[in-house]
Amino acid sequence: MSTRKILVTSALPYANGPIHLGHLVEYIQTDIWTRFQKMQGHEAWYVCADDAHGTPIMLRADKEGITPEALIAKTSEEHQADFADFNIAFDHYHSTHSDENRELASDIYLKLESAGHIAKRTISQAFDPEKQMFLPDRFIKGECPKCGAADQYGDNCEVCGATYSPTELKNAVSAVSGATPIEKDSEHYFFKLGDFEAFLKEWTTSGHVHESLENKLGEWFEAGLQDWDISRDAPYFGFQIPGSDNKYFYVWLDAPVGYMASFKALCEKQGLNFDEYWAEDSNAEVVHFIGKDIVYFHALFWPAMLKGAGFRTPSKILAHGFLTLNGEKMSKSRGTFIKARTWLDHMPAEPLRYYFAAKLNNGVSDLDLNLEDFVARVNSDLVGKYVNIASRCANFITKKFDGQLTEITEAHPLVAECAAAAPQIAELYEQRDFARAVREIMALADKANQYIAEQEPWALAKDESKLPQVHDICSTGVRLFHILSIYLKPLLPALGEKAEAFLNLPPQQWSDVGQNLSGHAINKFKPLMTRVQSEDIEKVLEVAAEEAKAFAEPEKKVEATNPIADEIEFDDFAKIDLRLATIVEADHVEGADKLLRLQLDLGDETGGVKKQVFAGIKSAYDPEDLIGKTTVVVANLKPRKMRFGMSEGMVLAAGPGGEDLWILEPSNNSRGKFSQAGNRVK
RNA sequence: GGCGAUAUAGCUCAGUUGGUUAGAGCGACGCAUUCAUAAUGCGUAGGUCCCAGGUUCAAGUCCCGGUAUCGCCA
């Protein structure tokens, strides 16, 4: 088998927040695949970086009173600690805010520009006059133009699902300063994606992306490839575009370049040849693992950029689905948003690696973390089946045979069968069908346990003359455990190391599956892993629930502008006779700015009392809309002489004033009954 | 709203180009066993393959319509 050169990447996590379990699906998937390739003896490199640019990071740093550089340095440290503790073994972890990335992004841009793939034109965009900055869609809030829902973002409505442009939003405000955005012109730079249509059509349908994504890509082609806006105006945290005054690369332009930049840094560290992997004629493999949400960037923009700048294009874009928790989308407010660190505070990393692997295949379907299933599956498979094989054999070897294995016949049917599965399991790893690989491996573990149960070494051990048989059986069991350990090692690197320590073997490669352990001395068995406790899961969920509260509360912490009045006795309230009344007449009052004159009918219960009331609701109601409505009136208020006539009561209304004023109207009840004028309000 | 994906046992999932009686693991129940971290082995129960049409000798699988869930809309 020839040695492959493979550069592997995971999508770059954004430096604006912590790593959560959803992120980990991808990093664990990528890590398993890369570890597998390394075990095969291939030259595989796994690089990643923090995605450190863009408006959200700039604003967050501003809010925290630190520089963006300080913010991303802090985040990077946290991200790397999280990854390390999940045994994600990057060969290099970089940042898109790095010299390598600046050089590469500029280089790619300049090449695209000189080849005529960059267009410049002026567009009009929302601008925050207070902060003196252009506002991305996500930073404009207002009312949905379709359904009127309040507090919606500038791109789509979370209530009715409508999509629109920020300029259509009603009563828009800047989420940054609260100011009303204005429209402002600015020159933007565009990458002419359409120039690459023919290339991309060919590229995307020739095995570089998963076929289930071809439909989706087809849609995009059908809609027509549009120019991509790659510039942002200052202030912006990013790289200045060469040859421009105040234009910066849009974060998504330099993000994928970060893959190259991280690898470049690795090259300097390891003395590798960058061009061997990235030159146009490179025969190395470049494999990107991504989530299905960013296929557009990786399957269209990215290969087009590389092609246009004279670099090689990716070998594979591998997209996975999203993580759900107990069947539901992870949500910060519902307390199902679990950070990597929260998990690690209460649980070991490897069971999660195993569980994800057991459910990952090469498709893009979503993956559910069912916590009950997780506990049962991990304990049953790993402790009950796999570790148990070593555990039940080791004592005999240690106590009766001084830790020495016997002559193991590789021709033993079960050993032969187990070892013969190597190519098939390797192929499943290669195809990223980890779920199937896990099933195959566990089926072999079942067979090992069956074998030991049938042979009953514990029964034979009672008879001195049968000890050689016991030795054979248990040595075979250990050998089977050895093979299974190699199969599981990409998934469970830490457990694999413990297994190697027990087996007294150096770090195992895939080819060691065939290694004969005859006469080999093993070490005393120590429990390799402990069972996952559901109480620990509970703790994780409790912390997530706490965080959900903290997430929800700040919104409620508003200053009381209109505090509740002093307490009163019931008698005080009972003195007020509130009645339902029908508005029978309503008209404007000559010479009054705020008043409307209402003629009210207080209904039969009052003996048909009619009252004239002047109400200060002109700013919010037209008289004709009021006629026929039933409302609430203070019926026993002492009449008061006003300039325009007698006011014999008071209509109740709520709201701060102006257009924001609402009179009260009784609602129909659930039994379909209607209230009547004259009913007392109590 | 447009487009896409998914729907199979209590739970999590397999089911290859349509082809006998729809499978696995976990869970439940029963039995056996005690070397092993209450770990293993044998067995039993459990399914209207989301609903409704259609194609076919034959549909979990193909086609059409619907429902639900999820995602994407640069």
Side-chain angles (χ1 to χ4, degrees), chain A residues 137 146-147 155-157 160-164 190-191 193 210 212-220 222-230 250 252 291-301 319 321-324 326-330 355 358-361 363-400 433 435-436 438-443 445-462 470 473-474 477 481 525-533:
Chain A
D137 295 355
K146 245 189 187 160
C147 74
D155 45 5
N156 67 353
C157 172
C160 72
T163 56
Y164 40 78
F190 293 83
F191 174 51
L193 187 62
H210 196 274
S212 71
L213 294 170
E214 280 181 16
N215 275 341
K216 196 74 206 167
L217 289 160
E219 254 177 62
W220 287 326
E222 211 164 298
L225 299 180
Q226 286 172 34
D227 289 356
W228 180 34
D229 186 351
I230 56 162
Y250 174 43
W252 260 110
K292 63 182 181 181
D293 51 331
I294 52 176
V295 168
Y296 195 88
F297 293 98
H298 285 80
L300 298 179
F301 292 143
F322 290 141
L323 180 70
T324 55
N326 288 337
E328 285 184 28
K329 193 177 163 183
M330 293 206 307
Y355 189 74
K359 304 187 84 165
L360 273 167
N361 57 31
V364 290
S365 53
D366 290 351
L367 183 159
D368 186 44
L369 170 56
N370 181 292
L371 293 172
E372 232 174 278
D373 185 52
F374 166 77
V375 174
R377 181 83 187 257
V378 166
N379 287 338
S380 166
D381 282 7
L382 295 182
V383 182
K385 291 180 181 175
Y386 162 68
V387 173
N388 187 45
I389 297 166
S391 175
R392 67 196 306 196
C393 293
N395 270 344
F396 289 112
I397 302 281
T398 307
K399 285 182 188 155
K400 309 247 181 211
D433 199 344
R436 201 180 287 240
V438 163
R439 279 204 301 277
E440 295 290 336
I441 296 166
M442 281 306 134
D446 282 341
K447 287 189 180 180
N449 275 312
Q450 283 162 24
Y451 165 75
I452 297 163
E454 274 165 25
Q455 301 294 319
E456 302 186 321
W458 55 90
L460 299 171
K462 288 170 187 159
V470 174
I473 295 159
C474 293
F481 175 77
F525 180 81
K526 289 179 224 151
L528 300 178
M529 74 173 281
T530 49
R531 309 172 72 77
V532 172
Q533 306 292 330

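Numbers restart at 1 for each chain; the letters A, B, ... are given by sequence-line order, proteins then strands.
Distances shown here put every side-chain N or O of A:Lys292 at or beyond 4.0 Å from the OP1 or OP2 atom of B:G71. Proximity of A:Arg531 to the phosphate of B:A39: a side-chain N or O atom is located under 4.0 Å from OP1 or OP2. For the OP1/OP2 pair of B:A39 and a distance below 4.0 Å, the side-chain nitrogens and oxygens of A:Ser391 include no atom meeting the criterion. In this structure, A:Asn379 does not reach the B:A38 phosphate: none of its side-chain N or O atoms is under 4.0 Å from OP1 or OP2.
Spacing between atom NZ of A:Lys399 and atom P of B:A36 amounts to 7 Å, rounded to whole angstrom units. Note: CZ (A:Arg439) to P (B:G23) measures 16 Å, nearest angstrom. A:Arg436 places its CZ atom 5 Å from the P atom of B:G15, with the value rounded to the nearest Å. Atom pair A:Arg377:CZ and B:A39:P shows a separation of 17 Å (rounding to whole Å applied). At whole-Å resolution of the value, CG in A:Asp366 and P in B:C72 are 9 Å apart. We find that CG of A:Leu382 is positioned 16 Å from C1' of B:U40, with the value rounded to whole Å. Nucleotide B:C13 holds its P atom 14 Å from the CD atom of A:Glu372, rounded to whole Å. One interatomic measurement links the two molecules: CG of A:Leu323 to C1' of B:G71, which rounds to 14 Å at whole-angstrom precision.
As the counterpart of B:U69, B:A5 is assigned, both hydrogen-bonding distances of the Watson-Crick or G-U wobble pattern falling under 3.5 Å.
Between B:G1 and B:A9, the two P atoms lie 29 Å apart (nearest whole Å). Remark: the separation of the C1' atoms in B:C51 and B:G43 is 36 Å, to the nearest Å. Distance noted for atom C1' between B:A52 and B:G66: 8 Å (whole Å). For the C1' atom pair drawn from B:G54 and B:G15, the interatomic distance equals 24 Å after rounding to whole Å.
Between A:Lys447 and A:Tyr451, the side chains place no donor N or O within less than 3.5 Å of an acceptor N or O (distance only, hydrogens not considered).
Taking CG of A:Asp227 as the reference point, atom CG of A:Leu193 lies at 8.0 Å (rounded to 0.5 Å).
The aromatic rings of A:Trp228 and A:Tyr250 sit perpendicular, their planes meeting at an angle over 60°, well past the 30° parallel limit.
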